[in-house]
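Single-structure report; data block below.
In the text below, chain A, chain B and the rest are named by the order of the sequence lines, each starting its count at 1.
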Protein chains: 2
Amino acid sequence: MARTKVLVIEDDRELAEVLSYNLRQAGYEVLLARDGSEGLAQAQNSAPDVVLLDLMLPLVDGLEVCRRLRGNPALREMLIIILTARAEEADQLVGFSMGADDYVTKPFSVKVLLERIKALRRRQQSPSDDSDMVTSQGISIDRQRHRAVAGDRALELTLSEFKLLEVLVRQPGRAFSRTELIDAALGDDAMVLERTIDVHIRSLRQKLGEYSEMIETVRGVGYRFREPNFSTP
Amino acid sequence: MARTKVLVIEDDRELAEVLSYNLRQAGYEVLLARDGSEGLAQAQNSAPDVVLLDLMLPLVDGLEVCRRLRGNPALREMLIIILTARAEEADQLVGFSMGADDYVTKPFSVKVLLERIKALRRRQQSPSDDSDMVTSQGISIDRQRHRAVAGDRALELTLSEFKLLEVLVRQPGRAFSRTELIDAALGDDAMVLERTIDVHIRSLRQKLGEYSEMIETVRGVGYRFREPNFSTP
DNA sequence: AGATCAGGTAAACGCCGCGTGAACATTTCG
DNA sequence: CGAAATGTTCACGCGGCGTTTACCTGATCT
């Protein structure tokens with residue numbers, strides 16, 4: 001997956017610096033905006049994954065920013081975390097009703113903030129994430145570059161193998177019937193015997209090497225990509 | 001979707017009452033547990049969507065509860081919100097690292113808590129989340145992943161065993177004749193002796209281990225999955 | 001208590017699903 | 001056009017799964 005992009009909308013220069021530094025340290029890509037309208041523009045331009053939003057902003061109020069962001073369908077998936085000095089309960093309620101995902105009152109610990117981001121992000125990762133990169137269990141697939149990697153080794157896959165692996169990795173744990181795999185990977189109109197899938201799976205497993213066990217056989221059903229936290233002795 | 005189920009694990013009787021009342025008012029279905037082990041048991045039995053978890057609990061510590069809940073593959077979608085009197089930063093960090101989704105310090109406003117739940121739930125709803133999972137009495141079945149779990153242990157079932165268990169768990173308390181089970185689980189056209197079901201039931205019970213009693217024999221009729229709140233001494 | 005019947009248990013066996021290697025067909029590319 | 005790579009089909013063998021069979025255990029009724 002590409003690096004997580006965080007947009008910080010904060011007019012307090014010093015706080016912005018602190019946040020920016022710590023976020024970068026934590027491996028995030030950071031964008032800064034000093035007021036509401038700049039923040040809205042940046043958000044639309046660069047589609048960040050997370051927005052840290054101060055409520056007291058010049059030009060455009062923070063809540064208004066929040067509302068406008070949520071109103072943009074293209075930014076639906078974005079996380080919005082409100083930062084504010086006001087601990088009033090009423091403010092929090094308004095914030096949430098505007099579609100904020102979290103509400104943190106100043107002063108706050110940067111570490112805790114980072115953990116909150118992480119917790120929210122973990123939730124956010126949905127199977128139908130149709131971004132161009134998919135990673136699971138040490139295997140990643142880059143649709144744009146048409147590249148697949150197992151561990152630190154690049155895989156040389158044929159087109160069918162690539163598509164097949166992609167379908168499986170996109171939804172780890174989900175079991176696919178051979179017919180589903182044919183439709184999804186080779187095209188709905190591919191008139192092909194089901195056993196064809198077996199053969200592709202076979203060559204895939206060969207090329208996966210030590211990662212071959214990541215593709216599990218579900219007897220009587222089809223195949224499945226191994227999902228985390230499942231012990232299969 | 002069915003109503004959202006919230007499990008409150010809290011030993012303070014009064015607070016539990018307040019939460020319960022407000023949650024019900026807000027349209028949630030509420031379950032209560034007064035200590036950690038009861039909480040774990042309830043969670044496994046009824047697979048709630050959200051868990052409100054006090055940290056200071058008798059018998060089993062809240063953090064331990066959190067860790068165990070996250071370790072259960074059948075409960076991965078569940079939201080965990082920690083409630084605590086301790087506002088220490090270190091606690092929060094530990095909480096998040098245990099997989100909690102949010103961390104709320106007492107005293108807190110119930111309204112704000114409700115909004116937090118709503119915000120998290122909104123995030124949680126993934127578009128392609130039609131994984132029809134069924135859970136009852138600590139046994140859950142995931143048709144999409146083709147996986148079954150008893151308590152916190154994954155079951156390795158054959159296809160017939162899986163289908164059979166699914167039929168039973170889908171309607172706890174309902175008694176099925178052997179013929180019905182053959183039709184429903186093995187296909188209407190399966191020409192098979194009724195005793196075949198007995199054999200599958202047997203291996204199922206073996207694999208279920210301590211949960212074997214969940215499949216009840218109805219003499220002269222067939223089999224039945226145990227129904228909640230029916231004490232059979 | 002004994003007869004009778006329903007369900008539990010263990011083992012035997014045949015078939016089917018899957019893996020595998022190779023042959024055949026198709027596309028790509030020099 | 002020929003060669004190499006890719007995709008598909010076929011044939012075979014193994015192992016596991018489902019079914020049957022036979023026998024045992026325990027419940028129910030008179």
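Checking B/Glu194 against B/Thr179 by side-chain atom types alone, a donor-acceptor pair falls below 3.5 Å. In this model, no donor atom of one side chain and acceptor atom of the other lie less than 3.5 Å apart for B/Ser212 and B/Arg202. Side-chain contact check for A/Glu161 and A/Ser203: at least one donor-acceptor pair (N or O, by modelled atom type) lies under 3.5 Å.
In this structure, the side-chain hydrogen bond (donor to acceptor under 3.5 Å, both in side chains) partners of A/Glu166, at least two apart in sequence or on a different chain, are A/Arg143, A/Arg170. Evaluation of the side-chain hydrogen bond (donor to acceptor under 3.5 Å, both in side chains) rule for A/Arg153 yields no partner, not counting sequence neighbours. With sequence neighbours excluded, no residue forms a side-chain hydrogen bond (donor to acceptor under 3.5 Å, both in side chains) with B/Ser46. The side-chain contact (heavy atoms from CB on, under 4.5 Å) check on B/Ser136 picks up B/Val169, B/Pro172, B/Phe225, B/Pro228, with sequence neighbours excluded. Remark: B/Lys163 pairs with no residue by the side-chain hydrogen bond (donor to acceptor under 3.5 Å, both in side chains) rule, at least two apart or across chains. With sequence neighbours excluded, the residues satisfying salt bridge (charged side-chain N to carboxylate O under 4.0 Å, His left out) with B/Arg178 are B/Asp198.
Under a cut-off of 6.0 angstrom, the local environment of CD in A/Glu213 is sparse, with at most 12 non-hydrogen atoms contributed by other residues, nucleotides or ligands.
The stretch residues 176-189 of chain B touches DNA chain C through B/Arg178, each having a heavy atom within less than 4.0 Å of the strand. Within a heavy-atom distance below 4.0 Å of DNA chain D, the residues of residues 195-204 of chain B found are B/Thr196, B/Val199, B/His200. Only B/Thr158, B/Leu159, B/Ser160, listed by number, bring a heavy atom of residues 157-166 of chain B to less than 4.0 angstrom from any atom of DNA chain D.
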All N/O pairs under 3.5 Å across the protein-nucleotides 25-30 of chain D interface:
unit_1 : atom_1 : unit_2   : atom_2 : d
D/dG26 : N2     : B/Arg219 : NH2    : 3.2

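Heavy-atom contacts of chain A under 4.0 Å fall on DNA chain C between two terminal nucleotides, which in 5' to 3' order are C/dG17 to C/dG21.
Contact between B/Ala100 and A/Ala119 at its shortest, heavy atoms only, is O-CB, 3.7 Å. For the pair B/Gly62 and B/Leu53, the tightest heavy-atom approach, listed with the atom from each and the gap, is O-CD2, 3.3 Å. The minimum heavy-atom distance linking B/Ala184 with B/Val167 is given by the pair CB-CG2, 3.9 Å.
Between B/Thr217 and A/Thr217, the residue whose closest nucleotide on DNA chain C is further toward the 5' end is B/Thr217.
For the helix from C/dA1-D/dT30 to C/dG30-D/dC1, the axis fitted to the five pairs at one end and the axis fitted to the five pairs at the other end meet at an angle of 30° (nearest 10 degrees).
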Check step by step if side-chain contact (heavy atoms from CB on, under 4.5 Å) holds for A/Tyr28 and A/Val50.
CA-CA 10 Å; A/Tyr28 295 104; A/Val50 182; 5.8 Å; no
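Under the 3.5 Å distance criterion, the side-chain polar atoms of B/Asp142 are left unmatched by any main-chain donor or acceptor of B/Ala148. Judged purely by atom type and a 3.5 angstrom limit, B/Gln44 has no side-chain atom pairing as donor or acceptor with the backbone of B/Ala41.
Using a 4.0 Å cut-off between charged side-chain N and carboxylate O, A/Arg224 and A/Glu216 make a salt bridge.
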